[in-house]
Amino acid sequence: YPASAVIKNLQSKIVKDKRDEKIVQVTLEYSVPSDFGGTYTAKSSVNLILDNKSNSWKIDFTAETLPEETYKKESEG
């Protein structure tokens, strides 16, 4: 990303996954300069899973931690 890019944490919330374990769902907003002028802004959500062995958060790249119904509700709301 260029130095002028801005990344904001819009929301972080603790939820339970389909195995009833706690995860953190983080919503980020990215703003980067556009080649067409102005700024391009996008939002995305990512889930973080606590790895008890390493005592660190791991990114759930495949989004397998939440059932599909959760994403349907969020996109409708």
Side-chain angles (χ1 to χ4, degrees):
Y1 293 103
S4 57
V6 177
I7 301 173
K8 294 179 186 176
N9 180 352
L10 298 180
Q11 182 180 34
S12 298
K13 62 182 177 179
I14 298 174
V15 296
K16 295 214 176 185
D17 70 5
K18 60 187 176 185
R19 296 172 303 214
D20 205 33
E21 295 180 15
K22 289 182 181 178
I23 61 170
V24 175
Q25 187 177 45
V26 179
T27 303
L28 301 172
E29 180 180 84
Y30 306 88
S31 296
V32 294
S34 171
D35 289 341
F36 302 105
T39 303
Y40 174 77
T41 302
K43 292 180 188 175
S44 68
S45 292
V46 64
N47 296 331
L48 303 177
I49 305 164
L50 180 60
D51 182 343
N52 290 315
K53 289 182 182 179
S54 66
N55 197 29
S56 62
W57 291 99
K58 306 291 183 181
I59 297 174
D60 178 17
F61 288 106
T62 59
E64 293 180 19
T65 53
L66 292 176
E68 186 177 335
E69 293 79 26
T70 300
Y71 293 106
K72 289 180 182 176
K73 288 178 191 174
E74 287 179 1
S75 64
E76 292 170 0

Practice prompt. Given side-chain contact (heavy atoms from CB on, under 4.5 Å), test K58 with L48 step by step and report yes or no.
Written response: CA-CA 5 Å; K58 306 291 183 181; L48 303 177; over 6 Å; no
Fill in: I49 vs W57, side-chain contact (heavy atoms from CB on, under 4.5 Å): CA-CA, chis, key distance, verdict
CA-CA 5 Å; I49 305 164; W57 291 99; 5.6 Å; no
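- Side-chain contact between K22 and V15 is absent, with no heavy atoms from C-beta onward closer than 4.5 Å.
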Discussion item. side-chain contact (heavy atoms from CB on, under 4.5 Å) for I23 and I14? Distances and angles first, verdict last.
Written reply: CA-CA 6 Å; I23 61 170; I14 298 174; over 6 Å; no
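- For the residue pair K53 and D51, the shortest heavy atom distance occurs at N-OD1, 3.0 Å.
- N9 CG: more than 12 foreign heavy atoms inside a 6.0 Å radius.
- Residues K43 and L10 are in side-chain contact: their nearest non-hydrogen atoms beyond the backbone lie under 4.5 Å apart.
- Rounding to the nearest 0.5 angstrom, the gap separating the CG atom in L28 from the CD atom in Q11 is 11.0 Å.
- Counting only N and O atoms by type, the side chains of T39 and S31 include no donor and acceptor under 3.5 Å apart.
- Follow the hydrophobic side-chain contacts under 4.5 Å out from Y40 and you reach Y30 in the same cluster.
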Worksheet item: Please walk me through it: do V24 and N47 pass side-chain contact (heavy atoms from CB on, under 4.5 Å)?
Response: CA-CA 6 Å; V24 175; N47 296 331; over 6 Å; no
